[in-house]
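Take a look at the structure below.
Side-chain atoms are counted along with the backbone in the values below, which use heavy atoms only and exclude waters and symmetry mates.
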Amino acid sequence: MLYKLLSSDEGCSNAWGLKLDYAFFQPVGREAKSYDGRYGVELFLEYIKYIYECVKEIKPEAIVNASPCHPLFAEYVDHARLHDYHFDLRRCYEEFIFRGECYKIAMPNALVDTDGAGFSSHRDTMRWMRLAHKIGIPDLYCFDNMPSINITDEDWAVVARNWKAYSDKIDTMFR
């Protein structure tokens, strides 16, 4: 499956990488079993390491994006995903600044993926869209209008400017 996703061979997707979303999939409790007896963080580390090594073998420049904020995972994550934020909450920028600082301590070489948040109102959404690039890689989860939010052409122009600012900053950092 990873080969079909990442390879540029005919019939494959030639994806740039993977964004792993795995919240709450891990078995827990005294009855949880694995082939080698590992569970919890140890089992999860083995899983992420395996995916990372397979991805890099298929396509060395491909990106692995995941969200374990722990130094054990630092060498297996290229982009640290700040993870989900409930859209009814109103201070996503402040919350994500804190999360970003934690990730920079735990995984100093990973770029920070801001993940996407702030969709409780037009004001909160646009505040997030204006500020996310200051934390890390801007991310977009909402392409269409929602019942409570109507994104205008002017709003999309703001998003485009902020994404360009981030892109220019990264280009300068990694030239």
Side-chain angles (χ1 to χ4, degrees), residues 1-3 5-7 13 15-119 127-141 162-163 165-175:
M1 176 60 75
L2 289 175
Y3 181 82
L5 288 170
L6 298 167
S7 175
S13 299
W16 293 354
L18 301 174
K19 186 168 188 170
L20 305 175
D21 191 353
Y22 42 76
F24 312 115
F25 89 98
Q26 182 109 332
V28 296
R30 295 181 193 274
E31 302 301 315
K33 303 281 186 240
S34 67
Y35 292 111
D36 65 0
R38 293 183 215 187
Y39 66 96
V41 172
E42 286 182 342
L43 180 61
F44 190 56
L45 176 61
E46 197 65 26
Y47 179 63
I48 295 296
K49 178 182 176 187
Y50 177 75
I51 290 172
Y52 184 87
E53 289 173 350
C54 288
V55 165
K56 298 302 181 174
E57 184 177 319
I58 296 164
K59 190 178 209 174
E61 71 277 14
I63 292 167
V64 174
N65 178 309
S67 57
C69 185
H70 195 288
L72 284 174
F73 296 85
E75 66 183 286
Y76 307 113
V77 175
D78 301 310
H79 290 176
R81 179 177 174 223
L82 296 182
H83 218 65
D84 297 335
Y85 184 84
H86 197 276
F87 56 85
D88 283 343
L89 301 174
R90 299 205 42 206
R91 296 183 53 83
C92 65
Y93 180 66
E94 291 76 12
E95 171 68 24
F96 277 34
I97 285 175
F98 174 73
R99 290 185 193 182
E101 289 169 352
C102 291
Y103 274 82
K104 287 174 187 168
I105 292 167
M107 307 170 87
N109 294 320
L111 293 176
V112 173
D113 172 3
T114 60
D115 208 12
F119 301 116
R127 178 175 183 252
W128 176 245
M129 298 282 200
R130 282 186 198 95
L131 297 173
H133 75 282
K134 294 181 179 189
I135 297 172
I137 304 165
D139 208 329
L140 190 60
Y141 274 42
N162 288 335
W163 283 38
Y166 182 80
S167 179
D168 292 346
K169 178 176 117 179
I170 290 299
D171 287 348
T172 300
M173 286 173 59
F174 292 102
R175 275 191 211 266

*Are any non-hydrogen side-chain atoms of Ile63 and Leu111 less than 4.5 angstrom apart?*
no
*Taking all non-hydrogen atoms of both residues into account, name the closest pair between Pro68 and Met107 and its distance.*
O-SD, 3.1 Å
*Measuring from Phe96:CZ to Asp115:CG, what's the distance to the nearest 0.5 Å?*
5.5 Å
_Greater than 12 external heavy atoms within 6.0 Å of Lys134's NZ_ = no
_Would the distance check show the side chain of Thr114 and the main-chain N or O of Ile137 forming a donor-acceptor pair, the cut-off being under 3.5 Å?_
yes
*For the residue pair His133 and Tyr166, what are the closest heavy atoms and their distance?*
O-CD1, 3.6 Å
*Does anything in residues 96-107 pair up under side-chain hydrogen bond (donor to acceptor under 3.5 Å, both in side chains), and if so which pairs, sequence neighbours excluded?*
Glu95-Arg99
*Any donor-acceptor pair under 3.5 Å from Asp139 side chain to Asp113 backbone*: no
_Distance in Å, Leu45 CG paired with Leu72 CG, rounded so as to fall on 0.5 Å steps_ = 5.5 Å
*For the residue pair His70 and Phe73, does the interplanar ring angle fall in the parallel (under 30°), tilted (30 to 60°) or perpendicular (over 60°) class?*
perpendicular
_So, taking the atom named SG in Cys69 and the one named NE2 in His83, what distance separates them when rounded to the nearest 0.5 Å?_
12.0 Å
*Give the intermediate values and the outcome of side chain to side chain contact (heavy atoms under 4.5 Å, CB included) for residues Leu18 and Leu2.*
CA-CA 9 Å; Leu18 301 174; Leu2 289 175; 3.4 Å; yes
*salt bridge (Lys or Arg N to Asp or Glu O under 4.0 Å): which pairs involve residues 45-60, sequence neighbours left out?*
Arg38-Glu46, Lys56-Asp78
_How long is the straight-line distance from SG of Cys92 back to CD1 of Ile135, given to the nearest 0.5 Å?_
8.0 Å
*asked:* Ring-plane angle category for Tyr76 and Tyr52, please: parallel below 30°, perpendicular beyond 60°, tilted otherwise.
replied: perpendicular
*Could you pull out the closest heavy-atom pair between Ile58 and Ser7, with the gap in Å?*
CG2-N, 4.3 Å
*How long is the gap from CD1 on Ile48 to CG on Leu20, to the nearest 0.5 Å?*
5.0 Å
_Shortest non-hydrogen contact between Ala15 and Leu6, atoms and distance_ = O-CD2, 3.7 Å
*Exam field: side chain Thr172 to backbone Asp168, donor-acceptor pair closer than 3.5 Å*: yes
